[in-house]
> 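Before I ask anything, let me first share the structure, which is written out below as structure tokens.
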Amino acid sequence: MLSSPSNLMPRLSATLTTLACAAAFATQAAAATVVLDFEDVPTAGSIVAVPPGYGGITWGAGIGVYGFPEPIYLPQSGVNRALTNFGGGGQTADFSFASDVVFDGMWFSGSGEVVSLNLYNDNVLVGTTDPFLLAVTPVFVGGAFAGPVDRVEIVGQRGQYVFDDVTYSTGVATVPVPGALLMMLSGLVGFGALARRKSIPA
């Protein structure tokens, strides 16, 4: 039995809604939040370089990890935290991702030092945080940009801070091209029109 036009349109509407929900679910399922707390880096009571590729990240020169107690430079979680003056000084340190991520932020502690973050994508500056005056209690620095990022630059005197719990989301979904969406919707509308024609008695 062929459907009448009045029965077909609710079905078509339900199909479109189902497709939209499935697309939204697929986008969410592709994303994953990563928190790097450095606890799985063996330090053996000393300062060591961050292992190459740790957490899917290329770490810049001078970034190391340690876990022994220091009253000013506290970790946000666990005992390990990272520093940026392992074999070098300067005003900036950086790390980069193998593919685009959404960078949430990271925790810093220190005493009297000011730090900020510059966020880049394809060597273009896309976000900058406000400067944060650090204290013994770790503070969260981030939330400057919700778009794709592939490199993070820390601005602040090396050796005057530590950082911990670097947080980012992988699987950054690309937004469908408007033309592709239009083609899909046109096809569905065409299908609906064809079904409607078939349902009209000869």
> Distance to the ring centre below 6.0 angstrom and angle to the axis at most 45 degrees; does that hold for Arg81 and Phe163?
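No, Arg81 and Phe163 do not form such a contact.
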> Does the side chain of Met106 come within less than 4.5 Å of Asp165's, by heavy atoms?
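Side-chain contact under 4.5 Å: no.
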> How long is the span from the CZ atom in Phe132 to the OG atom in Ser116, to the nearest 0.5 Å?
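Spacing of CZ (Phe132) from OG (Ser116) equals 9.5 Å.
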> How about Asn118 and Glu153: does a side-chain donor come under 3.5 Å of a side-chain acceptor?
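Side chains of Asn118 and Glu153: pair found under 3.5 Å.
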> With no hydrogens and no angle check, is any side-chain donor or acceptor of Ser111 less than 3.5 Å from a backbone partner on Ala135?
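A pair under 3.5 Å: no.
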> Just how far is it from atom OG1 of Thr167 to atom CH2 of Trp107, taken to the nearest 0.5 Å?
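Reported value, rounded in 0.5 Å steps: 9.0 Å.
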> With a 3.5 Å cut-off and no angle check, do the side chains of Asp150 and Ser96 form a donor-acceptor pair?
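Result is no, nothing qualifies.
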> Step by step, would you call Leu83 with Ile47 a side-chain contact (heavy atoms from CB on, under 4.5 Å)?
CA-CA 9 Å; Leu83 49 72; Ile47 300 174; 3.8 Å; yes
> Go through the steps to decide whether Tyr168 and Thr33 satisfy the test side-chain contact (heavy atoms from CB on, under 4.5 Å), and finish with yes or no.
CA-CA 6 Å; Tyr168 63 93; Thr33 299; over 6 Å; no
> Among side-chain atoms of Asn80 and Asp37, is any donor-acceptor pair under 3.5 angstrom?
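No.
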> Strictly by modelled atom types, are Asp40 and Tyr54 linked by a side-chain donor-acceptor pair under 3.5 Å?
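Per modelled atom types, Asp40 and Tyr54 side chains form a pair under 3.5 Å.
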> Do Val115 and Val139 belong to the same hydrophobic cluster, where Ile, Leu, Val, Met, Phe, Trp and Tyr are linked whenever their side-chain heavy atoms lie under 4.5 Å apart, directly or via other members?
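Val115 and Val139: one cluster.
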> Can Leu119 be reached from Val141 by stepping across I, L, V, M, F, W or Y side chains whose heavy atoms are under 4.5 Å apart?
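Yes, one cluster joins them.
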> Scan side-chain atoms only and decide if Gln157 and Gln91 contain a donor-acceptor pair under the 3.5 Å cut-off.
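Yes, a side-chain donor-acceptor pair sits under 3.5 Å.
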> Could you tell me if Thr84 and Tyr161 have a donor-acceptor pair between their side chains, going purely by distance under 3.5 Å?
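Yes.
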> Check the pair Val152, Asp94 against side-chain contact (heavy atoms from CB on, under 4.5 Å), reporting the backbone distance first and the verdict last.
CA-CA 6 Å; Val152 176; Asp94 70 345; over 6 Å; no
> When the ring planes of Phe95 and Phe97 are compared, do they come out parallel, tilted or perpendicular, using 30° and 60° as the limits?
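Judged by the thresholds at 30° and 60°, the geometry between Phe95 and Phe97 is perpendicular.
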